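Reviewing the structure listed below.
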Amino acid sequence: MSIFDTYRKGLQRTWQLRKVWFIFYGLNVLLALVVAKPLQSLLESKLGNSLIIKDMVKGFDYTIINDFMVNYGEGFTPIINQSIWLVLVFMLMQILLVGGLSSQLVNARNDKNLVEFWKGMGAYFWRFLRLTIYFLLINGAVLGLFFLLYYVIIQGGDGQKLESEGIIFIAAKIMIPIYLLVAAIFLMWQDYAKLQVVEEDSKMINGSILNAYRFIKTNFRATYGLYLLNWLGAVLIFGIYWLITNKMEINSANTIWIAFALSQIYVLVRIILKVQNLVSIQVLRQAKRV
Amino acid sequence: MYYNAWKNSQTTFMKHSNFGAGKSLEDMNNCEWSWVEVMRVVDQNGKDITANLRYEAVDDGNPLDETVLMLQLDDPIMPFETVQLNMEWQSKVPKIYIRTGYSKEFFFMVQWFPKVGVYEPAGTRFAKKGQWNCHQYHANTEYYADFGVYNVTMDVPENYVVGASGYETKKTIVNGRKKVTYLAEDVIDFAWTANPHFKVIEDNWRDTKICLLIQDEHICNKDRFLESTKNTLDFYAEYLEPYPYLSLTIVSPPYHGLFAGAMEYPTLFTAPTLCDLPEGIKTTETLSIHELTHQWFMQMVATNEQEEAWMDEGFTAYFEAKILDKYYDHGTICLPTIGVQVGAKELRRGRYMGGANVKSGPLSTISYQFKRPSYREITYGKGALMLFTLEGLVGEKVMQEVIKTYFNRWKFKHPGRQDFIDVVNEVVPAYRKEQYGMDMNWFFDQVIYGTDICEYSVGNISNRKSYAAAGYLNSIDECTPPTTEYEQVIYDSRVTFYRNGGLKIPQEILVNFDDGTSSTIIWDGEERMTTFELTSPKRIISAALDPQRKIYIEHNFLNNSKTIQPDQTGITRYRNSFMTWFQQAMQTVSGLI
């Protein structure tokens with residue numbers, strides 16, 4: 001089965017998992033509202049009766065933002081602090097949900113029934129938490145390694161040592177894509193490991209991580225190709241969203257809400273693509289084992 | 001003796017400089033210190049007077065600071081007398097540091113010779129009697145020098161490209177050496193540069209030859225340099241006075257020589273550039289406009305940068321913003337992909353308002369006595385905002401008249417702040433006497449000599465139904481109930497305005513009514529609070545202080561208006577944007593799980 005067939009079959013199963021998309025989306029919206037509501041209250045209390053808010057309709061306004069931060073910035077600090085904590089909460093909730101999704105993909109016979117999803121959330125939480133920590137460390141190390149390499153190449157950006165600034169930009173332009181391609185391998189490994197952990201259902205996850213690595217190594221062209229295809233889908237969707245929103249002129253209540261609706265569709269599509277990524281990986285795993 | 005500022009780690013400059021830490025241990029181990037030393041001075045009679053030289057730390061008495069060298073003549077110079085001195089000196093050129101020195105093969109030579117201080121006759125600036133004005137080199141300050149004629153010959157390897165203040169008068173090449181002579185007349189300084197890697201781009205503006213010395217890797221930005229330079233020259237030709245010199249040299253230093261810029265010298269300025277910066281970030285244009293503007297404000301109107309830095313930097317920041325906003329209507333920062341656009345004038349104001357402590361000293365503070373880091377935002381930012389506010393008060397035409405009069409009266413001289421104030425007090429009353437009285441001292445006393453901020457706000461708006469007189473009106477036997485005796489409902493309307501800051505500036509107030517009409521009133525801005533009251537059939541729906549933002553030094557524009565019919569659409573947009581941004585951030589983070 002080609003990676004395109006795998007991708008297509010993955011899409012079919014992803015479609016069956018519509019309820020799961022909306023669970024992920026619901027969590028995202030809920031937490032975003034928790035952050036957005038205090039900001040709205042702060043803006044209303046400080047600017048609600050000011051004529052200046054008509055200038056906010058057009059979007060970014062340096063003077064408004066600057067004056068707000070200079071004069072009322074202390075009100076914004078708790079919102080930022082809260083946002084940081086909510087991102088951590090979101091990560092934990094994601095671990096919970098991804099455990100459920102992995103369980104559903106590996107164990108469920110019928111995607112209309114989400115029993116395995118709900119069971120898996122609790123069953124795999126701690127193991128997925130450990131898995132996440134391991135791979136955060138690995139991904140951090142990869143990023144650190146690339147940064148170190150970049151730092152060495154540009155000689156710390158030291159003007160006295162470099163002939164011109166060109167190397168700083170050229171090295172970045174070359175190294176960022178290489179980094180992404182390398183990072184993709186480790187992120188992909190993490191995804192295969194999730195499904196392997198569920199399948200083996202062992203308390204110790206090290207064996208599953210190793211087995212996932214072996215599977216990727218044996219089927220590298222298919223696994224990496226599929227992973228990049230999934231990324232390509234995300235890039236395409238981002239491109240389309242960017243083109244649409246850049247063409248939009250937002251200058252009224254109607255256009256503000258249209259833009260907001262588009263942004264929500266984009267968030268939902270990103271979630272669908274995330275589900276699709278894991279689903280297509282499971283399709284590939286099954287196909288390679290048949 | 002500017003190069004002596006980096007002679008050791010205990011000079012006044014090094015002790016107070018943020019850049020002091022910039023000297024690496026490696027440089028110090030290699031003794032990368034610079035110096036300038038006068039070896040011999042001979043007077044016009046051939047007498048060696050070298051022994052009369054002595055260093056004196058005139059500002060702080062620092063014995064390890066040798067940036068001021070005194071020469072006691074045997075005989076005083078009498079009025080209208082000329083004295084000729086011949087001086088031999090040596091300099092050790094620094095590894096590029098604070099605008100000057102060498103970096104690899106790039107040389108940027110400024111403050112490289114013993115510069116003569118300025119003799120200020122009685123009546124010049126603050127001088128009560130004739131005196132020398134020559135400060136030590138401080139970390140905060142730049143330079144102050146008198147006008148002169150420079151005839152300089154530079155002897156460099158043949159492959160070096162040379163640029164300098166003034167214009168080239170002679171060039172010879174003998175035995176692999178190139179000798180280039182430049183003549184600069186009626187200028188306060190002389191700068192030159194040499195680098196074998198410079199490309200020379202030539203252009204003309206009227207009779208002025210523009211020469212851009214630029215690295216190969218920056219050639220992509222040559223049109224940005226030339227366009228912004230010509231825009232600036234056009235602006236001044238129309239607004240003030242055309243650029244009077246025959247040459248203008250723009251030096252764009254290499255990356256390894258970034259410390260050479262951005263800086264201004266007579267008929268020459270430096271402006272670093274990077275080709276990889278997005279086109280919407282107008283750093284190249286901003287620096288070119290700013291440094292070129294210095295040709296008028298402190299090269300021609302030669303104010304004292306060491307004592308009154310705002311008189312050149314404030315003026316320059318003011319004109320930089322005006323020119324940028326006139327010629328680049330998409331803003332100094334324009335990144336449409338992320339919906340960001342910032343104009344030059346608002347960027348300047350924003351930087352000032354966000355400054356670390358903009359109340360730490362008045363504009364009148366002697367430049368080197370400013371406490372870091374407020375120096376920059378006060379001299380550049382407050383200086384520019386003060387001028388924008390003055391323009392808002394007197395109007396653009398009158399402001400132009402002020403600047404023209406000031407420039408024409410003081411070009412090729414050394415004015416101080418009082419000279420500028422005197423011009424304002426002469427020009428403004430001729431146009432605005434009824435509005436502001438006989439002088440504008442009330443304004444300058446606050447913005448130049450004070451540290452208070454300008455902060456006005458609109459308080460509550462209320463519209464109450466008006467009733468005819470009620471209660472025991474004629475006798476205690478008869479109580480008159482409240483009643484609206486009018487044919488239509490009448491309102492007692494009221495809106496309150498506050499002065500929250502210390503600065504007092506007259507305010508234009510716009511009051512809008514529900515029948516579509518509006519009223520404009522002037523409040524002298526003196527009291528802490530004032531109230532606008534009206535009894536009429538119309539209700540006040542909104543009020544705004546300074547609706548056209550003429551008082552640009554105002555600290556908070558957000559509370560300058562109030563309405564009883566708020567339209568929350570703007571807030572909805574910001575809330576939605578923030579929410580969406582947070583959602584995308586969370587989704588991106590989820591990629592790690």
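The structure displayed is predicted, hence computed values, not measured ones. Chain letters run A, B, ... following the sequence lines, proteins first and then strands; every chain starts at 1.
Between A:Tyr25 and A:Phe22, the ring planes lie perpendicular to each other; the angle is over 60°, past the 30° to 60° tilted range. Relative ring orientation between A:Tyr266 and A:Phe238 is described as tilted, the plane-to-plane angle lying within the 30° to 60° band.
For the pair B:Thr332 (side chain) and B:Lys282 (backbone), a donor-acceptor distance under 3.5 Å is absent. Judged by distance alone, the side chain of B:Arg573 and the main-chain N or O of A:Val57 form a donor-acceptor pair under 3.5 Å. Between the B:Asn560 side chain and the B:Ser457 main chain, no donor and acceptor come within less than 3.5 Å of each other. Looking only at distances, a side-chain donor or acceptor of A:Gln82 sits under 3.5 Å from a matching main-chain atom of A:Val34. Under a 3.5 Å cut-off, the side chain of B:Glu217 and the backbone N or O of A:Glu165 do not form any donor-acceptor pair. In this structure, the side chain of B:Thr563 does not engage the main chain of A:Ser50 through any donor-acceptor pair within 3.5 Å. Looking only at distances, a side-chain donor or acceptor of A:Asp61 sits under 3.5 Å from a matching main-chain atom of A:Thr63.
Both the backbone and the side chain of B:Asn576 come within less than 4.5 Å of a heavy atom of chain A. If you measure heavy-atom distances from B:Lys104 to chain A, the contacts under 4.5 Å come from the side chain alone. Only the side chain of A:Ile168 comes within less than 4.5 Å of a heavy atom of chain B; its backbone N, CA, C and O stay farther away. Contact annotation for A:Ile271: both backbone and side-chain heavy atoms come within less than 4.5 Å of a heavy atom of chain B. Both the backbone and the side chain of A:Val35 come within contact range of chain B, judged by heavy atoms closer than 4.5 Å. The contact between A:Ile65 and chain B is made entirely by side chain atoms (from C-beta outward), counting heavy-atom distances below 4.5 Å. Both the backbone and the side chain of A:Phe68 come within contact range of chain B, with heavy atoms under 4.5 Å apart. With a threshold of 4.5 angstrom between heavy atoms, B:Ala543 approaches chain A through N, CA, C or O but not through any side-chain atom. Neither the backbone nor the side chain of A:Lys46 comes within contact range of chain B; no heavy atoms are under 4.5 Å apart. Heavy atoms closer than 4.5 Å to chain B are found in the side chain of A:Thr132, but not in its backbone. Looking at B:Leu258, there are no atoms closer than 4.5 Å to chain A (heavy atoms on both sides), in backbone or side chain. The part of B:Gln341 that comes within reach of chain A is its backbone (N, CA, C, O), which places non-hydrogen atoms under 4.5 angstrom from that chain. In this structure, chain B has heavy atoms under 4.5 Å from both the backbone and the side chain of A:Leu43. For A:Asn66, the part sitting under 4.5 Å from any heavy atom of chain B is the side chain, from C-beta outward, and nothing else. Contact annotation for A:Asn28: both backbone and side-chain heavy atoms come within less than 4.5 Å of a heavy atom of chain B. Contacts of B:Phe582 with chain A are made by side-chain atoms alone, with heavy-atom separations under 4.5 Å and no backbone atom involved. Only the side chain of A:Asn246 comes within contact range of chain B, with heavy atoms under 4.5 Å apart. Neither the backbone nor the side chain of A:Phe135 has a heavy atom closer than 4.5 Å to any heavy atom of chain B.
In this model, no donor atom of one side chain and acceptor atom of the other lie less than 3.5 Å apart for A:Tyr72 and A:Asp67. B:Ser590 and A:Arg270 form no side-chain donor-acceptor contact under 3.5 Å, judged by distance and modelled atom types alone. Donor-acceptor pairing under 3.5 Å is recorded for the side chains of B:His256 and B:Ser103.
Taking the six-membered ring wherever Trp is involved, the centroid distance between the rings of A:Phe24 and A:Trp21 does not fall below 6.0 Å.
Heavy-atom pairs under 4.5 Å with chain B were tallied for A:Met56, A:Gln40, A:Gln94, A:Met91; the largest tally goes to A:Met56. In terms of heavy-atom pairs under 4.5 angstrom with chain B, the leader among A:Leu136, A:Ile256, A:Asn49, A:Val70 is A:Asn49. By number of non-hydrogen pairs under 4.5 angstrom with chain A, the leading residue of B:Asn556, B:Thr569, B:Thr337, B:Thr580 is B:Asn556. Looking only at heavy-atom pairs under 4.5 Å with chain A, the residue among B:Thr588, B:Ile461, B:Ile338, B:Val458 that has the most is B:Thr588. Counting heavy-atom pairs closer than 4.5 Å to chain A, the top-ranked of the candidates B:Cys275, B:Pro336, B:Gly339 is B:Gly339. Note on B:Ile564, B:Leu274, B:Asp216, B:Ile333: by heavy-atom pairs under 4.5 Å with chain A, the leading option is B:Leu274. Here A:Leu51 is the residue among A:Leu51, A:Thr245, A:Ile53, A:Ile52 with the most heavy-atom pairs under 4.5 Å with chain B. Taking chain B as the reference chain and counting heavy-atom pairs below 4.5 Å, the highest number among A:Asn277, A:Ile95, A:Asn139 is found for A:Ile95. Note on B:Tyr255, B:Trp581, B:Phe578: by heavy-atom pairs under 4.5 Å with chain A, the leading option is B:Tyr255. Comparing B:Pro566, B:Ser542, B:Ala585, B:Gly350 by how many heavy-atom pairs each has under 4.5 Å with chain A, the most go to B:Gly350. Between chain B and the options A:Gly166, A:Ser164, A:Ser252, heavy-atom pairs under 4.5 Å are most frequent for A:Ser164. With respect to chain B, the highest number of heavy-atom pairs below 4.5 Å among A:Glu44, A:Lys37, A:Lys54 belongs to A:Glu44.
One distance of note links NZ of A:Lys274 with CG of A:Asp191; it measures 7.0 Å at 0.5 Å rounding. Atom CD of A:Gln190 and atom CG of B:Leu592 lie 7.5 Å apart (nearest 0.5 Å). The CG atom of B:Leu347 sits 15.5 Å away from the OH atom of B:Tyr352 when rounded to the nearest 0.5 Å. Atom CG of residue A:Leu97 and atom CD1 of residue B:Ile593 lie 10.0 Å apart, to the nearest 0.5 angstrom.
The local environment of CE in A:Met188 is crowded, with over 12 non-hydrogen atoms from other residues, nucleotides or ligands closer than 6.0 Å.
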Would you please test A:Leu131 and A:Lys194 for side-chain contact (heavy atoms from CB on, under 4.5 Å) and show each step? CA-CA 8 Å; A:Leu131 189 73; A:Lys194 287 173 201 163; 3.6 Å; yes
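The cationic atom of B:Lys95 (NZ for Lys, CZ for Arg) does not lie both less than 6.0 Å from the six-membered ring centre of B:Tyr102 and within 45° of the ring axis.
Ion pairing of B:Arg539 with B:Asp514 is present here, as a side-chain N (NZ or NE/NH1/NH2) and a carboxylate O approach within less than 4.0 Å.
Close approach to chain A, defined as a heavy atom under 4.5 Å from one of its heavy atoms, is seen in B:Ala544, B:Arg549, B:His555 of residues 544-555 of chain B, taken by number.
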